[in-house]
Amino acid sequence: MNATERYGRLETHLRRRRDAGRSLLVPYVTAGISADWTDYLHAYADAGADAIEVGLPFSDPMLDGATIQEASHRALSSGTTTAGVLARLAGTPVAVPLAVMTYANIVFRHGAATFCDRLAQAGVAGLIVPDVPYDEVDELSTVATAAGVELVLLASPVTAPTRLRRIAERSRGFVYGVTVMGTTGERTGLSDSARALGTTLRGHGSRPVLLGFGISSPGQAALAAGSADGVVVASSLMREVLAGRGPREVAGTVAALRAGLDAG
Amino acid sequence: MNATERYGRLETHLRRRRDAGRSLLVPYVTAGISADWTDYLHAYADAGADAIEVGLPFSDPMLDGATIQEASHRALSSGTTTAGVLARLAGTPVAVPLAVMTYANIVFRHGAATFCDRLAQAGVAGLIVPDVPYDEVDELSTVATAAGVELVLLASPVTAPTRLRRIAERSRGFVYGVTVMGTTGERTGLSDSARALGTTLRGHGSRPVLLGFGISSPGQAALAAGSADGVVVASSLMREVLAGRGPREVAGTVAALRAGLDAG
Amino acid sequence: MELSRPGPDAVGTGRSRSVMADPGSTGRFGRFGGRYVPESLVPACEQLESGFRAAWADPAFRAGLARTLALHAGRPTPVTPALRLSAELGLTLLLKREDLTHTGSHKINNVLGQAMLAKRMGKTRLLAETGAGQHGVASATAAALLGLECVVYMGERDMRRQELNVFRMELLGATVVAVRNGSRTLKDACTEALRGWVTQVDEAHYCVGSVMGPHPYPWMVREFQRVVGEEARQQCAALLPQGRPDVVVACVGGGSNAAGTFAGFVDTDARLVGVEAAGGAAVSRGAPGVLHGYRSQVLQDEHGQILEAHSISAGLDYPGIGPEHAHLADIGRAEYPSVTDAEVVEAVLRLARTEGIVPALESAHALAWVLRAAGTPQLPTGCSVLVTLSGRGDKDGAQLVALRRDGARSGALRRDAAGTPR
Amino acid sequence: MELSRPGPDAVGTGRSRSVMADPGSTGRFGRFGGRYVPESLVPACEQLESGFRAAWADPAFRAGLARTLALHAGRPTPVTPALRLSAELGLTLLLKREDLTHTGSHKINNVLGQAMLAKRMGKTRLLAETGAGQHGVASATAAALLGLECVVYMGERDMRRQELNVFRMELLGATVVAVRNGSRTLKDACTEALRGWVTQVDEAHYCVGSVMGPHPYPWMVREFQRVVGEEARQQCAALLPQGRPDVVVACVGGGSNAAGTFAGFVDTDARLVGVEAAGGAAVSRGAPGVLHGYRSQVLQDEHGQILEAHSISAGLDYPGIGPEHAHLADIGRAEYPSVTDAEVVEAVLRLARTEGIVPALESAHALAWVLRAAGTPQLPTGCSVLVTLSGRGDKDGAQLVALRRDGARSGALRRDAAGTPR
Ligand SMILES: Cc1ncc(COP(=O)(O)O)c(C=O)c1O
Ligand SMILES: Cc1ncc(COP(=O)(O)O)c(C=O)c1O
């Protein structure tokens, strides 16, 4: 598969599943959080994930709450590096597409083009960089496309209407609707603005729209999926991982989320 | 004896002895330094003192060195007061005249006139107030004279010639030549300027001139008496008192000073 | 006492110009002042007096001092309208900001003057006494700037309490001498500095830290601090519709910041208020006496022994008061109320939270009186008040933290109260 | 590098006026700058940019800020000729005295600007990050003055090291939030402040403490600090025969005091030198990266993980540098050498003992470079140098005392050395 063949894999996959009537579920794991961290990928896929967000840990994760900060810190403390993670992923084919989530400094360290090429070589389909907003995206989006990596853009509840449209149009893989003004982390309920965001983003085209940040329970997931195509779930899973629960156990939670979505 | 009769007693006494060819010795004791402090007066007199300087302790003795500071501090700590000291003196006739040495604040506390009257009532002949210099002396000198107390003035090695003359003229009892630029306290040797001071002061009239500050050994005393009519000795005696030596023992030192002077 | 409310024509007229003038060769302010020093110091005082008279009459000296104050010490300091606190108190409160000078208090005005004078007189060393260390740091600063040696006398107890200021003085090249006599605090340091001066009058100048000591010090230090009042007077003229404040307030330890401030307003009809620490209130609780070379109101017992002052602020922990203040109180030209430690802590908090200024505990005394008097006949609504903020509060941080730990003197410092604007 | 010695006609000509200009809507300085923030913060940054543009173009806002800086913060600060040190070094050394401002460093210029802007924009709360506490204290001060709430994010480790500054902030009514992530120091406090801002953008303004952060911060903070350079330029014109210094030097943490200083001289031929801490030298030892919302030179490992900076001075303990500095280095308009902790301690002592000024450890970096370079082709004999003294050293006393106790870093601090003028 060369870059051009590969490109669009994440979005195609998600669209196909969504169009089949399925609410999408993208669970998250921090790369390097344990020696067997790639086992979480397989377990998630088996438990009904439609894609998986893989966090590439960064020392100063601005948009992450306490749980994922702690996970990043642990992963880095045990020697996790970008190169190591990508080598591991390259040797670990997973049944669903992967999107890497990391911060701009990791992307730009040896040049965005080099970074995206390495992602592609490792078989990663998508890339999420929360501290590269729409205005700064040109450089990265060009090289990502060239490398065959789908650059997922984020939108927030306070993003202006025209800007929302542009983000929706320019995003690849899916559009990531951030449901709260705040960092990642578990919350209860789902705000009106979050639902409105999902609805608006869906109105700007047919690209899958996922909501994330603060979604933890199956009920919340189902609620979110009511105004979007699916959800990203991170902190609640990572809390379990940090507590020492293994891939099978955490996959149980993923399965419960899956069930919630399917029931909703 | 009323005030007028009494007045001049100190000076008359010292002149008489000096004119008899004797070098004058005025030892010092801090009032209240011990319960038996008046015994030092008798012992000093017996050992050959021509007059005695009685220190009335003050909390902030600007012109005193470490030894007499310590003595003042001890006396005050054990409850010594001006009134108590004067009452004690009134009941303790001593064979030689007494001169009280204290600081301006003690003198002015209830008015200089009152203070001087009380001194006189206690039988004290002279008064030495080192922080009332010549320019400030008018008020005090007037009331001291009225009370029959001889106000002894001090002169220092840096006092200007005309001022030395005025001090010598205005002093009563004796003229106190301060031999060093510094505080009370023991020193070795005797400076040229100290001797010059004695000589100059003696040139300004016939009033007895005593040198003090830093004179401790019989040899020094004899040396000083070479250019003056005698000496005041304080710190070296008080060091012994502070060390716990009783009246008889310290009187031995006074006797040695007496012998030194007589031999010189 | 009622606030005097003179018509505008009264400004600069009603008062005799001889108040706060040159005290002449005797250095007397009414029944106070003078020169109560041993004969061995008389020539040094006389030499200093004539040296100061000559320098002060020399435009070149004054220009040089003014230039140093401007280029090195940061003069002029502003007068800050305390807008939020004024609104809360219902009056116009202006702050003369001596806290903004180099080294953080008005002390620098005096030490630069004295150090430049000492150099002009051929001295090579400054001696200074210090309590909390402020005057010692200022003296060490001036000495470093002018290339003079500096020896600072400091009570051993104060040295332990103010380790940081000892370090600052040493950093500035000064030698700090521990004073182990008496109470081992400021008054003993003063006494020891005088003793030290006696032994080295030829090469050393004794740099007295306030309007105290033998003549010419009280007068000379007031003249060196006059710049505070003169600047403030001009600045008030620009800031206040009526041209001058109704009331002028300053804290009083020895009284130098108050003297400098008052000197700028004594010939107006502004009321002058010097605020003492309740535990060091020489005017209201002292008696006439002689201490450290001058005659004034002094805290003492009935026998004439000097009492230790006790105040939360080390800079006001002094049993005397400048003789000119005792005289101003005598003739009724100024008043000297006192405030408690608790009021002072409240005043620090209040100014910090309304104006973003943490005043020195000393300076907070002046403010504490304003807080107490505001809205009473003492300071009726609508009047204008100038307060001299003599210094900044940075130096007091450790002490306030300790107070909060103890929870002793003021509930206002408790951690839970601290977050809430008051 | 040789000192450039332009003829007098070169002043204000040779350089392009577009350097240190308005970076436009992208906030780019060459390849650096920008706005790398989550989408949730983009509107706030845009609103801030337009708010600042409007305010900065409004003479009333600028007059109000100038008035507050003058009446409350003590501006202008003097330029002090360091006469004794100049003579020792064989050059003309001038010191821009930001240590004399209210709260004791240049930080106040920026926070007053931002606080007044925040108020104008209807915000009711200031958020700030702080390392040693200087920016936190300044922010708390500005908030108190303007009646805003203030929340300061501070690493838990720093809070323990700087108990006094924590207390000062609380005294000023601020709430200090302990940051328990990462290294628990400044960089984590910045990150946490950004996180906090996301949750309260409507009512809160994030008051960034240096020329860092997303656009418009680096530009806006430089503009608020420009007053340092503009004043200094005028003052140098009056003090120096040739009208401007040959070399202009400032320390660089984030780089705000340097940016403000350089802004006054960038269109002259003065050489511009920003001095970093050897353990935080982002220009010489960093690599291009993105941190806290902007692109610049950043200390990081080969994997892109941010490294902790290590410096004796908390204020320079930051792994990034303002993007405009990275650009000035790129185009060769400014140089960024670094100095060691030991050189810094020597510089503190040297200035204290020759000029009576104890500089902040941060500011002493600038001076340390001058001491090293004096008499070399870098700073030839006879040249003139302006050093911005960004702050006063009072805050560093405890740290220096501890250093002396350890005897670790510098023999110069030993007690026996302290008494001897050098
Ligand atoms: C800030 C400050 N204010 C006031 C004083 C009291 O001095 P004075 O009464 O001479 O102004 C001191 C003395 O240390 C001080 O540091
Ligand atoms: C006195 C002082 N100087 C310099 C700095 C460094 O900041 P900047 O590089 O933004 O001027 C700080 C920061 O805390 C400081 O306190």
Sidechain-backbone polar pair: [X] side chain, [Y] backbone, donor-acceptor under 3.5 Å:
{"X": "B:Asn105", "Y": "C:Gly304", "value": "yes"}
{"X": "B:Ser59", "Y": "C:Ile306", "value": "yes"}
{"X": "C:Arg195", "Y": "B:Asp64", "value": "yes"}
{"X": "B:His110", "Y": "C:Glu302", "value": "yes"}
{"X": "C:Gln305", "Y": "B:Pro57", "value": "yes"}

- Message: Could you measure the distance from the CG atom of C:Leu291 to the OH atom of B:Tyr103? Nearest 0.5 Å is fine.
- Response: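 Rounded to the nearest 0.5 Å, the CG-OH separation comes out at 12.0 Å.
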- Taken to the nearest 0.5 Å, the spacing of C:His215 NE2 from B:Asp135 CG works out to 10.0 Å
Evaluate the side-chain proximity of [Y] to [X]: yes if any heavy-atom separation is below 4.5 Å, no if none is.
{"X": "B:Met62", "Y": "C:His292", "value": "no"}
{"X": "B:Val178", "Y": "C:Glu39", "value": "no"}
{"X": "C:Glu192", "Y": "B:Gln69", "value": "yes"}

Counting heavy-atom pairs under 4.5 Å to chain B, which of [options] comes out on top?
{"options": "C:Asn181, C:Leu194, C:Leu41, C:Val198", "value": "C:Val198"}
{"options": "C:Leu307, C:Thr26, C:Val201, C:Val37", "value": "C:Val37"}
{"options": "C:Val42, C:Asp188, C:Val290", "value": "C:Val290"}

- Task: Using side chain to side chain donor-acceptor pair (under 3.5 Å) as the criterion, list what pairs up with B:Tyr134, not counting sequence neighbours.
- Result: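 With sequence neighbours excluded, B:Tyr134 shows a side chain to side chain donor-acceptor pair (under 3.5 Å) to no residue whatsoever.
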- For C:Glu362, all residues meeting side chain to side chain donor-acceptor pair (under 3.5 Å), sequence neighbours excluded: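 Here the qualifying residues are C:Lys395.
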- Could you tell me which residues in residues 155-163 of chain B have at least one non-hydrogen atom under 4.5 Å from a non-hydrogen atom of chain C, sorted by residue number?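 Counting heavy atoms that sit under 4.5 Å from chain C, the residues of residues 155-163 of chain B involved are B:Ala155, B:Ser156, B:Val158, B:Thr159, B:Arg163.
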- Item | Which residues share a ring pair (Phe, Tyr, Trp, His ring centres under 6.0 Å) with C:Tyr206, sequence neighbours left out | C:Trp197
- Item | Nearest non-hydrogen partners of B:Arg109 and C:Gln300, listed with the distance |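 Closest pair (atom of B:Arg109, atom of C:Gln300, distance): CD-OE1, 2.8 Å.
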Taking [X] first and then [Y], would you say they form a salt bridge - that is, a charged N and a carboxylate O separated by under 4.0 Å?
{"X": "C:Arg180", "Y": "B:Glu70", "result": "no"}
{"X": "C:Arg295", "Y": "B:Glu139", "result": "yes"}
{"X": "C:Lys187", "Y": "B:Asp60", "result": "yes"}

- Given that the side chain runs from C-beta out, which part of B:Leu153 has a heavy atom under 4.5 Å from chain C: side chain, backbone, both or neither? neither
- Item | Residue C:Gln200 versus chain B: region with a heavy atom under 4.5 Å | neither
- Portion of C:Pro43 that has a non-hydrogen atom of chain B nearer than 4.5 angstrom: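 When you check distances to chain B, only side chain atoms of C:Pro43 fall under 4.5 Å.
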